[in-house]
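Worksheet: one structure, shown below.
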Amino acid sequence: MKYDFNTIEQKWNTYWKEHQTYQLKNQFDKPKYYVLDMFPYPSGAGLHVGHPLGYIATDIFSRYKRMKGFNVLHPMGFDAFGLPAEQYALETGQHPAVTTENNIKRYKEQLDNIGFNYDWSREIQTSDPKYYKWTQWIFTKIFHSWLNPKTQKAEPINTLLALFEKEGNISVQKEKASLFTAEEWKNFKEEDQRNILMQYRLAYLAEAEVWWCEALNTVLANDEVVNGVSERGGFPVEKKKMSQWFLRITDYADRLLDSLNDLDWTDAMKEMQRNWIGRSEGAVVEFQLKDENRKIEVFTTRPDTIFGVDFIVLAPELNYIETISTPEQQEAVNNYIKYVKSRSERERIAEKKISGCFTGAFVIHPFTKREIPIWISEYVLSGYGTGAIMAVPSGDDRDFAFAQHFDIEISNIFGTQFDGTKAFSSKEGIIENSDFISGKTIKEAADLILKAIEAQGIGQSKINFKLRDAGFSRQRYWGEPFPIVYKNNIPYSIDEAELNLKEADKNLPVLLPHVDHYGPGPNGQGPLANISNFVNIQNSNGENLLRETNTMPGYAGSSWYFLRYMSPNDSENFVDEEACKYWQSVDLYVGGTEHAVGHLLYSRFWTKVLFDLAYTKFEEPFKRLLNQGMIQGSSRFVYRIKGAACQFVSEGLKDQYETDAIHVDVNLVNGTELDLEAFKKWRAEYADAHFILEEEKYICGVEIEKMSKSKYNVVNPDNIVKEYGADTFRMYEMFLGPIEMSKPWDTKGIEGVHRFLKKLWRLFFDEQTEEFIVTDEAPNKAELKILHQSIKKVIDDIEKFSFNTSVAQFMILVNELSDLKCHKKAILSQVVLLLNPFAPHISEELWHHLGYEGSINDASFPIFEEKHIVETEKTYPVAINGKHRTNIAFPLTAEAKDVEPVVLENEIVQKWLEGKPHKKIIFVKGKMINVIV
RNA sequence: GCGGGUGUGGUGAAAUUGGUAGACACGCUAGACUUAGGAUCUAGUGCUGCGAGGCAUGGGGGUUCGAGUCCCUCCACCCGCACCA
């Protein structure tokens, strides 16, 4: 009997489906473990071999945990709203709901081929009204909340209303807002009251810039703007202000920062979040405009350098620039502002090019009374701090470069520490030439300046965050509609009584209406604005109201999806209370680093809000986070000779010609050798191709790139599964290398893993006689040794998520058992159990042949709990005269859980040295020794 | 530019966390069995040298009896940078 993986895998996939092996009950009495993958966006291209990498790892881990007796939640779903489906709809006219459904169907088939243990009865799709109903519901809760600065917790907006009615805004006054009393509050018009509340809501409306393309009459995403023009059509784009929804995540900046410490995430991941939040302590300082009773407020992290200010730089989009520029400079300023409008933020900060424009205006230095010029430049961003900086060229690299470029004289406040060729940007140093802070350290100087500006009433210390509020509006079709209705231009959540909505309009979800075309609405509004019976509604009083026509961004649905898996079909609540109490937060979350700041930060924010509002019992969504690397594609190139119509030259000879490198489908290439006939058939234009060969072969060029359709380097897991089986595919993906590392896919290497499984099969079946050859003989020492070594190694590696080394250990195990000709049930049944998380199909099949009924996955087995006898040797390195090393081996017998030697290491070594001449023994950290003889 | 990461044979990688560098595989080279099989098995395979040996973990420097591992510095590549998800 041969290892017929196709039949075996089909058999068990069907068995699991029919017996609902992986369907999970909320068994609240068992210990729980929640394993989650970042759910995929179902793209039209289908899964490629890179997608399942993390899924296989979590599948192994969840099977392992289940075998250890845990109740394991390991669900899967789809992040189904998004831009690509809409762009596809624009091109083809196909409804995103239809293409999305097809894509999901394809994804599920592909996933099922690999044999994952998902409980599909818990599947969620963010574009499903049953799901986005609750996304909208959570949005209304966020809209109806504010962050109480005293408790630092979200509270219902009613508590703020009560406060206003009792004492006005005295204790919760927002920066730059005027004070009002309770009496005044009550006399405000409804519109003014709502506007004030809007300044507190955790979801609020504000003006913000978007990319606007006049020619396409639409708003574009950053991804749709390439090199300053629209990706579609190459039309010019510019920034335009529009009213947008935001989530006030900045109110949670400190908490998001603090609770990072308790998470079991990699340091790199935490560091990226910290830097993204970007807390910095500094000061705001006012500079008086010359000849005018107005002030410019700057934020600086280096108040100590205030005597080194040589110019002020404003972000070009600040609206007061026009009013301070002198008439002579006005035109130059306007031109510069126009130029900046066409620049992306990335370009502005990434390019080395220095640009700016003098406004003609000056401020007066608060201490020296010196006149300081005001410039505008794109390197200052309006969204950070006050959008204005005090430039200190002797202490800041960018300011230095700017001063040099525009020939601005540089004041030196660091004495000899500043050499005039580059800024002295160290945070340790002595301030010089700075009046009353000369000779002080930077730290002391900063404190003194803070005191001085506070005394003068021109500034105070301030903590600033790089983090910005999260833009939550998209002028798109394929997203969640907002549960928001405007009455007299004032936004209301549809559950508010003031709206007097008809019963049918009051309830969630607000369904995404069907549209016939997906083009933008008037004035840059989203496609929903075109549907008048969606937009225009009447309330019970017969008043005309307007619905919000924006939709929510992609991260809305993904910010809370981990909660929905706990009770995916609950129609009464976003999550069932009991289930939520039991499952708590995700124990292990696996996904790519590309989500390090976006999704993970938003999700943490939503979780905290829901916690504050007492809807959940935990504050962090993901306790342990692991990142998986990307599997890159290995692209192949052919070299077409320039000028010659259809002539290609082999890689080794290409330098003799002028050629264009052209991507060729990897599936037409065996290693690096091109299949000429297949290539000719690939495309009509290549039917008459001629080739210049080397050694009778056409060799292709190779480059490692992102796996993508357009590069023809996509490898479909379906083909691999068909050819080698899912178990081989699973183990090979794990064997490729550490999960977190990016690496190129190479189909050739899969043979080794496939051989391993065939070899394993031959421990059970004699392929010559076609007989089952497992015996009931008792195992011997050698067999037990390799078995138990492997159990220990594999389990340790699973816990460490080091699956590549566990697969290697399996290979060693099977090689040794083959050499020992071990066909004993006592050994093999243990091997099968251990292998089950990695290669579930073959394990089930062999388990069945060993005479066991049902599925391994139906029950938990004690293999991972038992103490096993481990016979092993531990070696101790000893250096002689600091140079030559010997290892002394000591046999020891211990139990698996307690493999440490009973005897202290040093004593072992000393015992070994007994009777051997030596002068001196050097102990290092009580462990390593160096023997001087 | 800023933030994070990675760098070891022809290739993917391993290394008890400071202790014999290259486990386990791919590939390659021989051979066995086979009357073509992309099956299986055996041996070899970092570089260099006939050899004992010498040299090797991106480059350079340092700490240490001992460095792939720790420190400094330079280089290359990958990911993210707020409307891709």
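Residue numbers start from 1 in every chain, and the chains themselves are labelled A, B, ... in the order their sequence lines are given, proteins ahead of strands.
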Exercise for review: Show your reasoning for whether side chain to side chain contact (heavy atoms under 4.5 Å, CB included) applies to A/Gln87 and A/Glu224.
Suggested key: CA-CA 10 Å; A/Gln87 285 168 329; A/Glu224 297 174 296; 2.9 Å; yes
Point to revise | Intermediate values then yes/no, ring pair (Phe, Tyr, Trp, His ring centres under 6.0 Å), A/Tyr384 and A/Phe465 | key: CA-CA 8 Å; A/Tyr384 184 67; A/Phe465 294 96; 9.8 Å; no
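- Listed nucleotides B/C24, B/C84, B/G7 differ in distance to A/Met741; the shortest reach to its side chain belongs to B/G7.
- In this pair, A/Phe605 and A/Tyr252 present their aromatic rings perpendicular. The plane angle is above 60°, beyond the 30 to 60° band.
- Residue A/Asn222 places its side chain closer to B/A82 than to any other of B/G4, B/A82, B/C24.
- Within 6.0 Å of the OH atom in A/Tyr518, the count of heavy atoms belonging to other residues, nucleotides or ligands exceeds 12.
- The side chain of A/Met272 has B/G3 as its nearest neighbour among B/G3, B/G38, B/C26.
- When rounded to the nearest whole Å, the span between NZ of A/Lys800 and P of B/U16 equals 8 Å.
- Here B/A39 presents its P atom at 10 Å from NE2 of A/His754, a figure rounded to the nearest Å.
- When the C1' atom is compared between B/C84 and B/G10, the two are found 38 Å apart, to the nearest whole Å.
- Using a 4.0 Å heavy-atom criterion, one finds that A/Trp211 contacts no nucleic acid atom at all.
- Partner of A/Asp79 under the side-chain contact (heavy atoms from CB on, under 4.5 Å) criterion, out of A/Tyr555, A/Phe39, A/Tyr561: A/Phe39 alone.
- In this structure, the nucleotide among B/C24, B/A82, B/A39 sitting nearest to the side chain of A/Ile812 is B/C24.
- Spacing between atom NE2 of A/His599 and atom P of B/C81 amounts to 15 Å, rounded to whole angstrom units.
- For the pair A/Asn804 and B/A14, the criterion of a side-chain N or O lying under 4.0 Å from OP1 or OP2 is met.
- B/U42 is paired with B/A30 under the Watson-Crick or G-U wobble criterion, all donor-acceptor distances under 3.5 Å.
- Heavy atoms from other residues, nucleotides or ligands lying under 6.0 Å from NZ of A/Lys743 number more than 12.
- Distance from the side chain of A/Asn275 is smallest to B/G3 among B/C41, B/G3, B/A85.
- Distances shorter than 4.0 Å separate none of the side-chain N or O atoms of A/Arg398 from OP1 or OP2 on B/C2.
- More than 12 heavy-atom neighbours from other residues, nucleotides or ligands sit within 6.0 angstrom of CG on A/Asp819.
- Checking B/C41, B/C79, B/U42 against every side-chain atom of A/Asp819, the shortest atom distance belongs to B/U42.
- Taking the centre of each ring, A/Tyr131 and A/Trp560 come in below the 6.0 Å mark.
- In the set B/C81, B/C83, B/C41, B/C81 carries the atom at the smallest distance from any side-chain atom of A/Trp276.
- Nucleotide B/C70 forms a Watson-Crick or G-U wobble pair with B/G62, both donor-acceptor distances falling under 3.5 Å.
- Taking atom P on both B/G22 and B/G27, the two are 22 Å apart, rounded to the nearest angstrom.
- Between A/Lys748 and B/U11 there is no side-chain N or O to OP1 or OP2 distance below 4.0 Å.
- As rounded to whole Å, 14 Å separates atom P of B/A14 from atom CZ of A/Phe803.
- Taking only side-chain atoms of A/Lys743, from C-beta outward, the nucleotide of B/C79, B/A82, B/G12 with the closest atom is B/G12.
- For A/Ala221, the listed nucleotide lying nearest its side chain is B/C84; candidates were B/A23, B/G4, B/C84.
- With distances taken from any side-chain atom of A/Thr805 to the nucleotides B/U6, B/A82, B/A15, the minimum falls on B/A15.
- Atom CG of A/Asp396 is separated from atom C1' of B/G1 by 12 Å (rounded to the nearest Å).
- Contact check, A/Arg468 against B/A82: no side-chain N or O comes under 4.0 Å of OP1 or OP2.
- Following rounding to the nearest Å, A/Lys466 (NZ) and B/G4 (P) show an atom-to-atom distance of 10 Å.
- Of the C1' atoms belonging to B/G4 and B/G49, the separation is 45 Å, rounded to the nearest Å.
- The nucleotide B/G9 finds no pairing partner, because no Watson-Crick or G-U wobble arrangement with both distances shorter than 3.5 Å includes it.
- Nucleotides B/U8 and B/G46, compared at atom C1', are 10 Å apart to the nearest Å.
- Annotated as syn: B/U17, whose glycosidic dihedral is within 90° of 0.
- Here the separation of B/G18 from B/G38, taken at their C1' atoms, is 46 Å to the nearest Å.
- Projected onto RNA chain B by closest heavy-atom contact, A/Met269 and A/Tyr41 fall at different nucleotides, the more 5' of which corresponds to A/Met269.
- Counting to the nearest Å, the P atom of B/G1 and the CZ atom of A/Arg343 are 15 Å from each other.
- Base pairing annotation: B/G3 forms a Watson-Crick or G-U wobble pair with B/C79, both donor-acceptor distances under 3.5 Å.
- Here A/Asn550 does not reach the OP1 or OP2 of B/C83: none of its side-chain N or O atoms lies under 4.0 Å away.
- Taking the O4'-C1'-N9-C4 or O4'-C1'-N1-C2 dihedral as appropriate, B/G53 has a value more than 90° from 0 and is therefore anti.
- Summary of the strand contacts: A/Leu736 and A/Glu751 both lie near RNA chain B, and taking for each the nucleotide with the nearest heavy atom, the more 5' one is attributed to A/Leu736.
- Side chain A/Gln244 to base B/C83: a donor-acceptor pair is found below 3.5 Å.
- Taking atom P on both B/U34 and B/U29, the two are 23 Å apart, rounded to the nearest angstrom.
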